[in-house]
Amino acid sequence: MTQGRPLRPPWAGPLGLHHPGAGPVHRLPAMLKLLLLAATGVVVVLPLGPWVAAAGLGVVVLLTALARVPWHRATRGLLPVVLTAGALGTYQAWVRGPATGAEVALDLLTLVLAGALVTATTRADDLLAVVARAARPLRHVGLPPETVALTVGLFLRTVPVLVQVVGESRDAARARGLDRDPRAVVVPAAVRMVGHARTTGDALAARGLTD
Amino acid sequence: MSTSSPDDSTTRTVPSATAAEVPGLLTDPPPPQPARRTSTDVALVATFAAFVAACALVPAIPTGSGVPITLQTFGVVVAGLVLGARRGFLAVTLYLVVGLAGVPVFAEMTGGLGVLGKPSVGYLLAFPLAAAVAGWLGGLALRVPRAAWRYPLLVAAGLGSSFLVTHPAGILGLVARLGVSPAEALAIDVVYWPGDVVKNLLAAGVTLAVLRAFPDLRRGRR
Amino acid sequence: MIELDAAEVTAWSPDPAGGPDRVVRLLGPVSLRLAERHVAVVGANGSGKSTLARLLNGLVLPSAGHVRVDGLDTASDGPAVRRRVGFVFTDPDAQIVMPTPVEDVALSLRRTVPDAREREARALDVLARYGLAERAHVSVHALSGGQRQLLALAAVLATEPAVLVCDEPTTLLDLRWRTHVDALLATLDQQVVVVTHDLEAAARAERVLVVDEGLVVADDAPGPALAHYRELMGAPRPDHAARGAGPAAS
């Protein structure tokens with residue numbers, strides 16, 4: 001458990017990393033974007049040389065510009081990836097030659113940017129709708145789609161509750177002078193969390209949501 | 001939230017229960033009705049998925065390879081050990097799918113399909129199976145009659161899932177994404193071992209505490 | 001009309017010495033007929049009053065005996081009973097399932113309103129009725145505690161149940177919200193059964209049940225029942241032999 005700074009502001013909520021827009025990339029169906037992304041993931045594994053890799057990155061950058069996703073959005077959380085790509089490219093160039101080094105680094109950036117682009121141009125709702133549709137066959141193994149949707153909603157709803165529980169447990173541990181002991185934070189938080197889940201289970205049953 | 005009101009949950013073992021055991025006053029109590037399961041399972045799965053997310057959102061320790069050290073793996077092992085293989089697997093799968101759909105529940109408040117391109121992809125995709133294996137091994141550990149053995153066996157169950165599932169898959173991911181050899185990937189992976197041992201020690205302790213507080217969780221374990 | 005017929009509730013309890021789990025009695029046997037519009041249930045923490053409340057909508061099934069709502073048995077007609085009996089918990093955070101108020105109310109309407117767009121419109125109507133229209137699309141997490149409890153109530157009342165059971169609905173609320181929720185409960189058309197620690201609120205009911213150590217030890221008009229309860233809580237408890245000797249265990 002980390003010490004010091006509490007987790008605030010609490011988790012931003014289910015809106016995620018989507019950036020609203022009406023461009024052509026935004027309008028593509030979510031399912032198609034997911035398939036294209038999956039194809040990208042396969043293609044980058046093939047050793048096609050640094051020029052193809054550079055062209056691939058160029059296409060993704062172009063699409064990101066076309067979608068008018070602001071750069072700070074598209075590149076959110078990307079700094080560690082850029083650093084990794086730099087370190088990795090250098091290492092690979094040294095061990096296996098500059099061509100491999102460049103290709104590996106470019107492929108890494110391409111995939112991460114492509115994923116970020118799909119996420120930024122597709123509403124989380126739509127992606128979750130794809131998930132729900134994909135989950136439909138699961139009813140044969142005892143997971144009706146309604147239950148899946150309910151569980152997803154409940155999950156999104158519970159994250160901020162838990163962030164709060166952890167914060168309160170940390171405050172309580174601090175008040176007792178136990179904040180150096182991770183168990184003093186994690187154990188009460190986990191017990192309260194399960195208690196919360198039990199009450200929630202009762203509430204779901206009471207509302208007839210799982211009948 | 002306050003789940004702390006002493007009698008807001010009938011499933012908890014309330015102190016008044018002991019008062020009802022006065023000999024001679026009452027005939028033998030009838031056996032309890034089994035509790036409703038689906039709703040509790042849905043709530044537990046969603047809550048533990050959220051728990052893994054909360055663990056991932058705690059600030060991470062960055063490392064050179066682009067795979068930060070986080071509490072995520074701790075959350076995954078706890079989910080498996082507490083919920084058992086099936087529900088643990090479902091909880092972590094839910095976390096993974098919602099994160100891939102773009103909700104920022106992965107380490108460093110990221111989400112979306114971009115993580116599939118990152119070097120950490122192997123670890124991430126292994127999580128559901130790791131939870132299932134931890135749950136299965138943990139179930140064996142909990143069936144041991146000697147209570148004193150349960151803690152070390154639960155630690156072993158957690159470590160077993162880490163080293164049978166998470167680390168091999170993580171190494172595969174590093175090989176695929178970084179283009180390094182398996183030996184080089186192993187050298188990167190070793191960095192996470194000490195933290196992993198600490199996290200599993202803690203996870204086993206948390207599991208025992210939770211199962212002591214909610215003994216009937218073990219009844220629902222599958 | 002709610003009928004309890006020698007209903008008992010038991011549970012598994014672990015043996016502190018590490019032996020096999022034992023069966024312990026949480027409630028009963030209790031036999032009651034509740035037809036009044038407003039019934040209050042009072043009792044100490046752990047007395048079994050929450051268990052009693054949970055029996056009424058089948059959340060807890062009787063281990064022996066029967067519980068019926070309008071003739072429907074909670075054990076065999078569970079879903080029908082839950083459509084008839086709404087339940088509000090102490091902690092709205094446990095009860096609110098979806099990330100925003102409008103989604104949560106819409107979820108309640110899932111069965112009755114198949115069309116998604118109409119469902120959302122209906123949900124907005126319901127929220128407006130309880131003064132939450134402006135908060136319909138914000139994160140539930142951004143609501144105040146009072147607003148969350150109001151939302152929990154709105155989501156339950158959206159399905160228009162015949163009976164509303166509330167388990168300490170105002171315990172977590174400040175005085176202003178407590179007054180608001182109490183006033184709201186008083187104006188409902190539904191039969192309302194409220195478990196409460198608020199004796200002022202209990203005094204406004206038509207009938208008060210006092211639960212102690214798993215039994216209904218007083219069942220009367222608010223005046224005498226609450227007097228009994230005050231005596232019970234004030235006097236040091238003699239011993240377990242007094243159990244069941246109260247005025248109305250049947």
Side-chain angles (χ1 to χ4, degrees), chain A residues 1-2 7 11-12 14 16-18 37 41 45 77 80-81 84 87-88 92 100 104 108 111-112 114-116 118-119 122 124 127-128 131 147 150-152 154-156 158-159 161-166 182-183 186-187 190-202 204-205 209-210, chain B residues 1 3-4 8-12 36 38-51 53-54 57-59 62 64-66 68 71 78 82 94-95 97-98 101-105 108-119 176-180 202 205-206 209-210 213-214 217:
Chain A
M1 209 80 227
T2 54
L7 271 174
W11 189 64
L17 310 168
H18 174 244
L37 186 70
V45 177
V81 178
T84 307
L88 180 73
Q92 292 283 18
T100 314
V104 166
L108 190 61
L111 256 191
V112 174
V118 171
T119 308
T122 317
L127 284 173
L128 290 175
V131 170
T147 306
L150 176 67
T151 318
V152 170
L154 193 56
F155 166 55
L156 297 178
T158 310
V159 176
V161 175
L162 284 192
V163 171
Q164 189 185 339
V165 166
V166 172
R183 279 172 305 175
V186 177
V187 169
V191 169
R192 274 186 64 190
M193 171 181 89
V194 176
H196 177 77
R198 305 297 295 272
T199 320
T200 305
D202 282 354
L204 294 179
L209 295 175
T210 51
Chain B
M1 57 162 274
T3 46
S4 50
D8 65 354
S9 166
T10 49
T11 39
R12 199 174 301 178
R36 299 171 46 78
T38 322
S39 60
T40 308
D41 282 351
V42 165
L44 283 170
V45 164
T47 304
F48 273 82
F51 177 62
L57 296 179
V58 169
S65 68
L71 284 176
V78 170
V82 172
L94 172 65
Y95 163 76
V97 168
V98 170
V103 182
V105 291
E108 298 172 321
M109 291 268 270
T110 57
L113 297 152
V115 297
L116 292 181
K118 291 187 182 177
R177 286 291 169 256
L178 301 182
V180 294
L202 189 57
V206 167
V210 167
F214 302 96
L217 263 183

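Every chain is numbered from 1 and lettered A, B, ... according to where its sequence line falls, protein lines coming before strand lines. All values below come from the heavy atoms of this structure, side chains included, with hydrogens, waters and symmetry mates left out.
- Neither the backbone nor the side chain of Ala114(A) comes within less than 4.5 Å of any heavy atom of chain B.
- Residues Arg198(A) and Leu217(B) meet the side-chain proximity criterion, which asks for heavy atoms closer than 4.5 Å.
- The two residues Ala43(B) and Ala197(A) make their nearest non-hydrogen contact at CB-O, 3.2 Å.
- In this structure Thr151(A) satisfies the side-chain contact (heavy atoms from CB on, under 4.5 Å) test together with Thr147(A), Val42(B), Val45(B), Ala46(B), Leu94(B), sequence neighbours excluded.
- With a 4.5 angstrom heavy-atom cutoff, Phe48(B) touches chain A only via side-chain atoms.
- Of all the listed residues (Gly205(B), Ala50(B), Gly179(B)), the one sharing the greatest number of non-hydrogen pairs under 4.5 Å with chain A is Ala50(B).
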request  = Please step through side chain to side chain contact (heavy atoms under 4.5 Å, CB included) for the pair Thr158(A) and Phe51(B), ending with a clear verdict.
outcome  = CA-CA 8 Å; Thr158(A) 310; Phe51(B) 177 62; over 6 Å; no
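- Considering every non-hydrogen atom in both Ser39(B) and Leu204(A), the closest pair reads O-CD1, 3.7 Å.
- Shortest non-hydrogen contact noted between Leu44(B) and Val194(A) is CD2-CG1, 4.3 Å.
- You'll find the side chain of Val180(B) reaches within 4.5 Å of the side chain of Gln92(A), heavy atoms only.
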